[in-house]
Amino acid sequence: MILDQLSIPIVLAPLAGGASTPELTAAVSNAGGLGFIPGGYLAAAALADRIFETGKLTSAPVGVNVFVPGTPAAPGTAEAYAATLADEARAADVALGTARFEDDDWAAKIELLVAAPPAVVSFTFGCPDRNVIESLRRAGSEVWVTVTTPAEAVQAADSGADALVVQGIEAGGHQARFLDDPAADGYGFGLLSLLQLVRAAVDVPLVAAGGIATGAGVAAVLTGGASAAQLGTAFMRCPEAGTSDVDRLALAGDIPTTLTRAFTGRPARGIRNHFIDQHTADAPAAYPEVHYLTAPLRAAGRARHDAGLVNLWAGQTHQLGGELPAGRLARSLAAQARAACKQAAARLSALDAVQADG
Ligand SMILES: Cc1cc2nc3c(=O)[nH]c(=O)nc-3n(C[C@H](O)[C@H](O)[C@H](O)COP(=O)(O)O)c2cc1C
């Protein structure tokens, strides 16, 4: 397992949409962790370029993340939401994008990864069928599947996944759940609960994600049964990250996060702002249609430094992130985790001593 070869138990989360760069991915892999390349929103050819550019910066293992396509929303769903955004678009002097369904170049990406297998291929928004998993494994990749419930964990393990990324509700960005059923909104698991439930349900190695920003957080998930911690938001202010200035500023502040479909049509966690407050109530389950609909508004917000229009994806602990170079951050998290584990062991020894005295 790749997880057994890492010298630090730190995985860089795939960060689609701009924060990830080849430099960020390579820095974490070069530090002894596992860097990820986000394949989401990239055509297969662009993903191939990204893999090539990253390969120039590291010879250590890296992972590639792919979005599993869903199904189109009912006709008219995104259009009805677009009507509620008309005033917003007019005020910003921006034309809304065209809501469209697409499969994110799924087949071409799988073909690319089978032809040039990375160390790990991870999946988000679903569990690919057994044949896809098998073809990637035969080609030489490990296959990881991101799960948000014990039932998803069992399905992924039964489908042949080598490891699971266990994503708690604290996580920044999209919730990875397999089916985007609005009836499940509000029922997400906190990471510690989910980790215990998944550990009890399946026997494969686990990587824990969601709200981890310190060595103590890393230590907590290692003692909870994970083999490594996957961090996204904590790396977004690193100098190597492509994070925009608007996002960097918001990440450094302490405005709380919330889940919303307003920007993309799927639940995602971001820092509360004007757009979330105004449009979450009207936003339908329609991914990626709504993603394309709001793209010009989000781009205009970033260009004009108007944080109110931007999807400020962030996990619940975003204000704990710093600005260290990514390799130093990864190594320091591992060192702090070791210290936190020692402290916990010392606490248990002290309790033993009290018991012995008694
Ligand atoms: C800006 C951003 C982009 C993300 N993009 C992806 C992605 O492309 N694929 C994916 O599986 N997860 C993505 N995630 C979720 C992460 O994989 C991970 O679950 C999350 O970052 C963990 O929580 P944390 O941000 O509190 O560390 C993204 C998260 C953020 C903040």
Side-chain angles (χ1 to χ4, degrees), residues 10-21 24-25 28 33-42 47 50 63-68 104 109 120-127 143-148 152 156 164-178 188-191 194-195 206-214 217-218 220-221 226 228-238 241-244 246-248 250-251 256-260 263-264 266-271 287-288 291 298 302 310-321 326 329-330 333:
I10 305 292
V11 176
L12 168 70
L15 299 168
S20 182
T21 61
L24 185 67
T25 303
V28 174
L34 184 68
F36 258 91
I37 298 170
Y41 310 129
L42 296 180
L47 176 58
R50 190 67 78 90
V64 175
N65 176 250
V66 179
F67 290 167
V68 178
D104 211 33
K109 280 179 193 166
V120 176
V121 179
S122 78
F123 290 99
T124 298
F125 299 150
C127 181
V143 175
W144 297 6
V145 175
T146 312
V147 302
T148 62
E152 290 175 354
L164 304 181
V165 179
V166 176
Q167 186 199 45
I169 198 78
E170 304 91 332
H174 285 106
Q175 281 289 300
R177 65 199 199 194
F178 291 4
F189 288 92
L191 180 57
L194 185 60
L195 196 54
L206 307 178
V207 175
I212 303 170
T214 61
V218 174
V221 297
Q230 178 172 277
L231 292 77
T233 303
F235 283 100
M236 286 180 69
R237 290 173 62 215
C238 293
T243 312
S244 77
V246 182
D247 291 82
R248 283 179 190 268
L251 287 164
T257 63
T258 187
L259 286 168
T260 183
F263 290 109
T264 66
R266 247 188 183 270
R269 182 172 296 283
I271 295 170
Y287 177 92
H291 165 81
R298 291 181 275 130
R302 285 203 166 90
V310 173
N311 57 312
L312 302 166
W313 291 163
Q316 284 184 333
T317 55
H318 65 85
Q319 58 270 59
L320 296 177
L329 174 59
L333 285 163

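Whatever order the structure lists ligands and atoms in, that order sets their numbers, starting from 1. Numbers for residues simply follow the sequence, beginning at 1. All values below were derived from every heavy atom in this structure, side-chain atoms included, with hydrogens, water molecules and symmetry-related copies excluded.
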- [ ] Find all atoms of ligand 1 within a distance of less than 4.0 Å from any non-hydrogen atom belonging to Gln230, and give their numbers and elements.
- [x] 17 (O)
Open item on the list: Please report the interatomic distance CD1(Ile169) to CG(Leu259), rounded to the nearest 0.5 Å.
Closed with: 5.0 Å
Open item on the list: Once rounded to the nearest 0.5 Å, what's the spacing between atom CG of Leu251 and atom NE2 of His318?
Closed with: 7.0 Å
- [ ] May I ask whether Tyr41 places a heavy atom under 4.0 Å from ligand 1?
- [x] no
Task: Nearest-contact summary for atom 20 (C) of ligand 1 - protein heavy atom, Å - done: Gly172 O, 3.6 Å
Open item on the list: Has Arg248 got a side-chain atom pairing as donor or acceptor with Cys238's backbone, closer than 3.5 angstrom?
Closed with: yes
Task: Donor-acceptor contact present, side-chain Asp104 to main-chain Tyr41, <3.5 Å - done: yes
Open item on the list: So does Gly168 get a backbone contact from the side chain of Gln175, meaning a donor-acceptor N/O pair under 3.5 Å?
Closed with: yes
Task: Note, Gln230 side chain near Leu34 side chain (heavy atom, < 4.5 Å) - done: no
Open item on the list: Would you call the rings of His174 and Tyr287 parallel, tilted or perpendicular, taking 30° and 60° as the class edges?
Closed with: perpendicular
TODO: If you have a sec, work out which protein heavy atom is nearest atom 30 (C) of ligand 1 and how many Å separate them, to one decimal?
DONE: Leu15 CD2, 3.5 Å
TODO: Apply the side chain to side chain contact (heavy atoms under 4.5 Å, CB included) test between Val221 and each candidate in Leu206, Leu195, Val207; give the one that qualifies.
DONE: Leu195
- [ ] With heavy atoms of Gly211 as the reference, note each atom of ligand 1 found under 4.0 Å away.
- [x] 23 (O), 24 (P), 26 (O)
Task: ligand 1 to Gly232 polar contact by distance, N or O atoms, under 3.5 Å - done: yes
Task: Six-ring centre of Phe125, Arg266 cation under 6.0 angstrom, axis tolerance 45° - done: yes
- [ ] Measure the shortest side-chain to side-chain distance between Val120 and Phe36 over non-hydrogen atoms and say whether it is less than 4.5 angstrom.
- [x] yes
Task: Close-contact set for ligand 1 against Gly210 heavy atoms, below 4.0 Å - done: 22 (C), 23 (O), 26 (O)
Task: atom 7 (C) of ligand 1: the protein heavy-atom neighbour that sits closest, reported with distance to 0.1 Å - done: Pro14 O, 3.3 Å
Task: Check: Gln316 N/O within less than 3.5 Å of ligand 1 N/O - done: no
Task: Sub-4.0 Å atoms of ligand 1 with respect to non-hydrogen atoms of Asn65 - done: 7 (C), 8 (O), 9 (N), 10 (C), 11 (O)
Open item on the list: If you measure every N or O of Thr317 against every N or O of ligand 1, does any of those distances drop under 3.5 Å?
Closed with: no
Task: Proximal atoms of ligand 1 relative to Ala16 (non-hydrogen, under 4.0 Å) - done: 3 (C), 4 (C), 5 (N), 6 (C), 7 (C), 8 (O)
Open item on the list: Under 4.0 Å from a heavy atom of Leu231: which atoms of ligand 1 are those, numbered in the order shown and with their elements?
Closed with: 27 (O)
Task: Nearest protein heavy atom with distance in Å, relative to atom 18 (C) of ligand 1 - done: Ala13 CB, 3.9 Å
Open item on the list: Tell me the contacting part of Thr233 for ligand 1: side chain, backbone, both, or neither, using a 4.0 Å heavy-atom threshold, strictly below.
Closed with: both
TODO: Give, for atom OG1 of Thr124 and atom CD of Gln167, the distance between the pair rounded to the nearest 0.5 Å.
DONE: 7.5 Å
Task: Proximal atoms of ligand 1 relative to Met236 (non-hydrogen, under 4.0 Å) - done: 1 (C), 31 (C)
- [ ] Among all protein heavy atoms, pick the one closest to atom 19 (O) of ligand 1 and tell me residue, atom and distance.
- [x] Gln167 NE2, 3.0 Å
Task: Which residue and heavy atom of the protein sit nearest atom 11 (O) of ligand 1, plus the separation - done: Thr124 OG1, 2.5 Å
